[in-house]
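The structure appears below as structure tokens.
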Amino acid sequence: MKVAVLGCGAIGAVVAHALADGEVSGAELVGVVHADATDPPGLPVLDFGSAVDRADLVVECAGQAALAEFGSRVLAAGKDLLVVSAGALADDAIFGRLTGYDAGRVYLSTGAIGGLDLLAAAARAGGLSSVRLTTTKLAGNLVQPWMDQEQIKLLRKTTEPIELLRGPARKVTAAFPKSANVAASVALAVGDWDLVDAAVVADPDAELTSHVLTAEGTAGSYRFEIRNHPSARTPTTSGIVPHAVLRAIRSMTGRAVLPL
Ligand SMILES: NC(=O)c1ccc[n+]([C@@H]2O[C@H](COP(=O)([O-])OP(=O)(O)OC[C@H]3O[C@@H](n4cnc5c(N)ncnc54)[C@H](O)[C@@H]3O)[C@@H](O)[C@H]2O)c1
């Protein structure tokens with residue numbers, strides 16, 4: 001499987017180096033597409049068009065805006081797309097564009113959390129009556145362009161956790177595009193944007209990023225608590241995410257026996 005990586009930051013660089021080093025049997029890096037001032041050392045760099053031409057699979061690790069702009073060009077070329085910036089799919093127009101192709105397929109990375117497989121099954125086994133997600137991150141990493149100076153100051157000075165936003169997954173993922181992709185992943189897994197009640201909490205002492213996910217339904221009652229170390233390079237991302245991407249690629253090669 002020939003793989004191109006779109007975006008070479010905290011997630012993309014780890015994925016690209018692992019593929020270049022032959023860590024995934026049956027997968028080969030054709031190159032990375034990036035938007036940084038300097039090329040990433042030790043990796044083949046391609047323009048977007050060449051990457052799509054050469055790859056069987058393009059892995060999006062570049063953010064919601066890049067996925068919205070470039071995702072459909074991958075699929076229109078009949079190539080597969082593995083998505084990490086799940087929040088972009090909260091926009092119905094983008095969702096429609098990315099799911100309207102017969103040839104190229106869209107795959108969603110599990111990203112920073114687990115349990116999506118079970119919740120997806122439970123949602124189809126008689127339905128879920130409630131799904132609740134609380135994401136807690138280090139306060140200073142949650143500053144957003146839409147916040148006013150007072151709110152930014154509060155985030156930087158707070159000595160206690162503050163719930164910044166609670167609401168439907170679509171609203172929360174749009175408000176925190178780098179930090180609340182998980183809310184979108186959960187909504188996509190259960191197939192219902194309105195059912196998922198999501199929150200983002202800013203904690204001045206949160207050394208680990210946590211996601212507490214609970215759900216109730218006909219099939220059972222579920223609670224997952226995930227606590228990830230942030231990536232040193234991009235603290236809004238958890239260090240586990242590139243390894244979730246690599247696990248997905250490993251599954252897609254068909255050469256490893258992994259849970260599906
Ligand atoms: N699903 C999840 O659980 C999850 C978790 C963390 C992050 N994410 C998503 O993954 C994205 C990437 O995370 P990261 O930590 O690697 O970010 P990062 O900022 O470290 O790296 C992103 C890279 O993409 C590049 N880029 C941006 N636009 C581009 C474009 N149009 N073409 C090519 N390259 C482009 C940037 O230059 C940067 O190098 C985040 O923005 C977020 O949306 C998802």
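Counting starts at 1 for both ligands and their atoms, in listed order. Positions are given from 1 along the sequence.
Counting all heavy atoms, side chain and backbone alike, Thr173 lies closest to Ala90 at CG2-CB, 3.7 Å.
Closer than 4.0 angstrom to ligand 1 sit non-hydrogen atoms from Leu6, Gly7, Cys8, Gly9, Ala10, Ile11, Val33, His34, Ala35, Asp36, Cys61, Ala62, Gly63, Ala66, Phe70, Val84, Ser85, Gly111, Ala112, Pro177, Lys178, Asn181, Val182, Thr234, Thr237, Val241.
Ser129 places a side-chain N or O within donor-acceptor distance of the main-chain N or O of Glu216, the cut-off being under 3.5 Å. Judged by distance alone, the side chain of Gln144 and the main-chain N or O of Leu142 form a donor-acceptor pair under 3.5 Å. Formation of a donor-acceptor pair under 3.5 Å by the Lys137 side chain with backbone atoms of Thr236 is found in this model.
Using a cut-off of 4.0 Å between Lys/Arg side-chain N and Asp/Glu carboxylate O, Arg97 and Asp91 are scored as not salt-bridged.
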For Arg166 and Thr134: C-alpha separation, side-chain torsions, deciding distance, then whether side-chain hydrogen bond (donor to acceptor under 3.5 Å, both in side chains) applies.
CA-CA 9 Å; Arg166 177 171 285 282; Thr134 302; 3.0 Å; yes
